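Scope of the values below: all heavy atoms of this structure, side chains included, with no hydrogens, waters or symmetry mates. To find a chain, count down the sequence lines: A is the first, B the second, and so on, and within it residues start at 1. Being a predicted model, the structure only gives us computed values, none of them experimental.
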2 protein chains.
Amino acid sequence: MNKFFKTSNIALRFFNGSVQLPAPTHRVRQLCQLAGSIESTDESRKLLEGVVTSPANYVPLTPISYLERAADVFGDRTSVVFGSSVKYTWEETHSRCLKLASALIQLGISRGDVVATLAPNVPAMQELHFAVPMAGAVLCTLNTRLDSSMVAYLLKHSETKMIFVDQQFLQIAQQALSLLSKDKTIKPPILILIPESNDSSPPVSNIHEYENLLSSGSSNFTIRWPKSEIDPISINYTSGTTSSPKGVVYNHRGAYLNSISAFLCHGMALMPTYLWTLPMFHCNGWCMNWGVAALGGTNVCLRHVSAKDIFESISVNKVTHMSAAPIVLSMMANASPNDRKPLLHKVEIMTGGSPPPPQILSKMEQLGFGVSHGYGLTETYSGATTCLWKPEWDSLPLEERAALKSRQGVKVLCIERVDVRDPETMENVPADGKSIGEIVCRGNTVMSGYLKDVKATEEAFKGGWFHTGDVAVKHPDGHIEIKDRLKDIIISGGENISTLEVEGVLHSHPAVVEAAVVARPDDHWGQTPCAFVKLKEGSEEITSDEIIKYCRDHLPHYMVPRAVVFQDLPTTSTGKVQKFILREKAKALASLFNTDRKV
Amino acid sequence: MNKFFKTSNIALRFFNGSVQLPAPTHRVRQLCQLAGSIESTDESRKLLEGVVTSPANYVPLTPISYLERAADVFGDRTSVVFGSSVKYTWEETHSRCLKLASALIQLGISRGDVVATLAPNVPAMQELHFAVPMAGAVLCTLNTRLDSSMVAYLLKHSETKMIFVDQQFLQIAQQALSLLSKDKTIKPPILILIPESNDSSPPVSNIHEYENLLSSGSSNFTIRWPKSEIDPISINYTSGTTSSPKGVVYNHRGAYLNSISAFLCHGMALMPTYLWTLPMFHCNGWCMNWGVAALGGTNVCLRHVSAKDIFESISVNKVTHMSAAPIVLSMMANASPNDRKPLLHKVEIMTGGSPPPPQILSKMEQLGFGVSHGYGLTETYSGATTCLWKPEWDSLPLEERAALKSRQGVKVLCIERVDVRDPETMENVPADGKSIGEIVCRGNTVMSGYLKDVKATEEAFKGGWFHTGDVAVKHPDGHIEIKDRLKDIIISGGENISTLEVEGVLHSHPAVVEAAVVARPDDHWGQTPCAFVKLKEGSEEITSDEIIKYCRDHLPHYMVPRAVVFQDLPTTSTGKVQKFILREKAKALASLFNTDRKV
């Protein structure tokens, strides 16, 4: 038996509070001051005699807590799997993150410093999502599709002190550092190499290597907890569809809360097995690195996303959940039978970016997947709404189910408000499925702001709401459906034209692979739709007149494109069409085409 | 089509921000000040150019948001069912709560005022959990087992302005108000009657009636949102096992977060159907009124808790989850076959207060229930730990499963820390399943403090931890198991004796109905165990020697009670044994008994 109750006198001493601590009164008051940034309001003070804010009852929210708890509660369960070579438990992950955090500090990282990454979904990325915040630093996960000049630009903009680079992207990173070194006003970041495998060739000399760095740290490290829960935890650069990338700052509170929203809208229960096809660099992997820790789940890492590897991994690791871009769904649905493996249980997939088309949805369901659809922006820590499925919809025909699933849906748990409002009056539009407005959001899972861009932050938050720039309708059941980007919508003769609707018809044409519609200035109508189309191989004989006729058969006349241009579409590093380039082209072409003014 | 994009000029005007609002810069700055109690720390400021706190990205956490969202997202789904007469949707509940909140304000309730209840699990109780906070007031749900003098005492202590009383408890409330009226320094609260049914006889004249009051309100009411998330939301009086009841103050932040912990540890997914047998007055029903709203679930109300009604309700309402005290489990397990109905699906039950005994667990599993066990205190918003079940335990034999389930388990998601520590050094005890220490907690789901009792609050929070007063061990897998209340543990000849262990042996004696063990002062040993036992009817011939012999056969000698007293046990209004009364009695008896000092 433990000794501390050896005599009743000792036990009583404890009751009287005479432990080795300052006297209770003084201590509690002091602690209140420590946590004192939170103050209750005057009106409630009348109640508050005896009520305090103390470390006993106020702790800044941070997803670091999820890792601490995972080590305590799920310590012997698998945290990370990567191929057949890497398998950690939550206790090991916790210890590794402590070591890594302490190593960062030994290398000179201090509170608020930025630590960047350029890496795919490897275990180091999962660890950095905890270790960097545990060192009090801010994680900046760069898109691996960026070129070296953009990497250099973002490293400079974010004042990155250290960058973790996967061997696959070492050349790009080194070119970026070389570009940076020409600017004598800045000190280039320290580069840490993440080798392709632990057995790979010895690292380039003079470069820190991930496992070596980690081993140099100590698991006795004391975590640098955030002092305020709105201290920054990460920076996520937008892909820049319209302008140069903006640095979206997330804070600890938002990351904590959005992790909950995320695992709930993924339909996760305790101890899920989550396959990473969604890039961890994208909105911090929709906060799912943190969310999986909260549930004591297993992260299945995957360096290359291919249908064969996905089906193989699902089978080997008994995957229960995954998130995937629509292109990945399409890849899976169209995989050759040799690459597929039958599912032994239902796998839930959350997709986002664009709605799942009915044929993909149907195919995925046949294969045994459940597909949900969410909507969000980098500025809302990813998911702001989800097409929350009601059991009574299960029995509807495929087309109806696909239509319901294609809606952006209803707000997730921990964002406070998602409304569709008339941006002039800020009044809600009627929930009639027809009236359009802008999607605006408010809540703790909206970004802290754009890094070093006060003007853009103020513009985004005008009126105390985050303005998404997305145009949508609200259905009678409260579900939101996007009609267009605010800047993409075409106004022709006073009528609004949703470019998404026109693109939907173009996509349904059997010869069309990709399509984008933008406004072309028109003296008479103000604007008319102009289509850019990429045809399937072997369909080159299709003419613009045939496409226009097809659109006339499927759309009101005023929505039909007046011009069709055949070409590959320009895209961002995340695969989004850069409409601003197409708009410029449409403008330039305006004088070359004859405009048919008959509707 | 909506008109606001009628011309591109109008659309462009919006882009430039020329809406009817102050200029963005001024506006954002102003809003920052409004939300300005949250400040980021100096170290992180270096990053913060462009980063703001605004209503767009900071909203005080409050469970009121769960109701707002439920109305938006689950508007047409059933919120509350009560017998065959009451059935509301979330949209209706939302509207009713708005009306009720506005009616409270019309009757003079202002921010921070206390509104009490004395009612069983009827729909009004569910509504008051939202309507009272929506009026900016503080909910105080009194235990319905209290007598009128205790009700009067608590109404006075909490300075209650209004009390909602179910017809069943009208007499007690009126007696309490009559007692209060003798004190000329206070103004007795306004009484609102909740009739037993909508068709019941007209209310006593001169008393407000619930539905009338609600009808007098307006659903256009603007919610009085908390100004700070640590503003109080409720007061829960402890049952007073050791002293007079203490008023435990909960805040909006804690209630929001513990609702999440609660539904997660209940294993709930979206849209559960939750049967209320746990009193809503108890720790705000473990925060499940708020938690069920967060998930868009259905609350099944039940006025009287009987096995027949429970099985009937599960069958009629397709209940998926419930919480229940051990006594309710026992009632269900021992129900006559006539009162039972077969379950058509598994029903998950969370129990707390004491571990489920193996025979009850076995019986409940045979009936189709899943039983989990949680631990917490009023001071931790109810559940602080839960016996989190691992799938590999499913195949263990019943006794082993029962032993695992009887442990208090691991911390829930949103409390930060639950440790077992040596209260002298505050160091963690080894996780060896043997070393004992006190359970201490820290986190956002620990109370704000004891109302009007600074000293007790400071004592409870000494060292920046909430001291539970429970003595426990920590097992190698991190699960906590309670051994005793700190004040109940007996120290005999330098050895710790867990009264719970001795009571466990006494309970296993076939003639014993109830048993409690306390310390009796002893000149030689310091303390020795003294047992108080209630025998089954017809077992009156059992002697104390027989009981002592039985204990000798099942316990180490030093743990065997030296005296056995046969009597009914004194209990609190929540059914907890009042050991302080027994300790007084044992002390008085010390000189009357001969103490056997041979071990």
Side-chain angles (χ1 to χ4, degrees), chain A residues 1-2 4-6 8 14 21 24-25 28 31 37-41 43-44 46-47 49-52 54-57 59 72-73 111-112 227-228 230-232 249 410 416 422-424 435-436 442-443 446 448-454 457-458 461-466 478 491 494 496 526, chain B residues 1-2 4-6 8 14 19 21 24-25 28 31 37 39-41 43-44 46-47 49-52 54-57 59 72-73 111-112 227-228 230-232 249 410 416 422-424 435-436 442-443 446 448-454 457-458 461-466 478 491 494 496 526:
Chain A
M1 284 253 178
N2 181 290
F4 76 83
F5 289 123
K6 268 297 180 198
S8 55
F14 163 62
L21 283 168
T25 307
V28 172
L31 296 169
S37 62
I38 302 289
E39 291 288 345
S40 204
T41 50
E43 285 93 339
S44 57
K46 57 183 164 184
L47 252 180
E49 195 200 323
V51 171
V52 299
S54 128
N57 68 11
V59 177
D72 272 8
V73 171
R111 264 194 199 268
K227 295 191 178 180
S228 158
I230 61 163
D231 282 353
V249 178
V410 291
E416 288 293 314
D422 182 320
E424 282 191 79
S435 305
I436 62 172
R442 170 180 277 186
V446 168
S448 294
Y450 296 116
L451 182 63
K452 298 179 183 170
D453 199 343
V454 177
T457 302
E458 288 177 343
F461 287 170
K462 61 180 178 288
W465 289 83
F466 169 62
I491 300 156
N496 297 306
Chain B
M1 284 253 176
N2 181 288
F4 76 82
F5 289 121
K6 269 293 178 198
S8 54
F14 162 62
V19 288
L21 284 167
T25 308
V28 171
L31 296 170
S37 63
E39 291 289 343
S40 204
T41 51
E43 287 92 340
S44 57
K46 57 183 166 185
L47 254 180
E49 195 198 325
V51 170
V52 299
S54 128
N57 67 10
V59 177
D72 271 7
V73 171
R111 264 194 198 268
K227 295 192 176 177
S228 158
I230 61 162
D231 281 353
V249 178
V410 292
E416 288 292 314
D422 182 321
E424 280 192 79
S435 305
I436 62 171
R442 169 180 277 186
V446 169
S448 294
Y450 296 115
L451 182 63
K452 299 179 184 171
D453 198 341
V454 178
T457 302
E458 288 178 341
F461 288 171
K462 61 179 177 287
W465 290 83
F466 169 62
I491 300 157
N496 297 306

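- Contact of D453(A) with chain B is made through the backbone alone, with heavy-atom distances under 4.5 Å.
- Contact detail for G464(B) and S54(A): the closest heavy-atom pair is CA-OG, 4.5 Å.
- Evaluation of the side chain to side chain contact (heavy atoms under 4.5 Å, CB included) rule for V73(A) yields R69(A), L388(B), V410(B), K411(B) as partners, not counting sequence neighbours.
- In terms of heavy-atom pairs under 4.5 angstrom with chain A, the leader among G478(B), G449(B), G443(B) is G443(B).
- Looking at T457(A), its side chain does come within 3.5 Å of a backbone N or O of G50(B) through a donor-acceptor pair.
- Atom CG of N57(A) and atom CZ of F461(B) lie 4.5 Å apart (nearest 0.5 Å).
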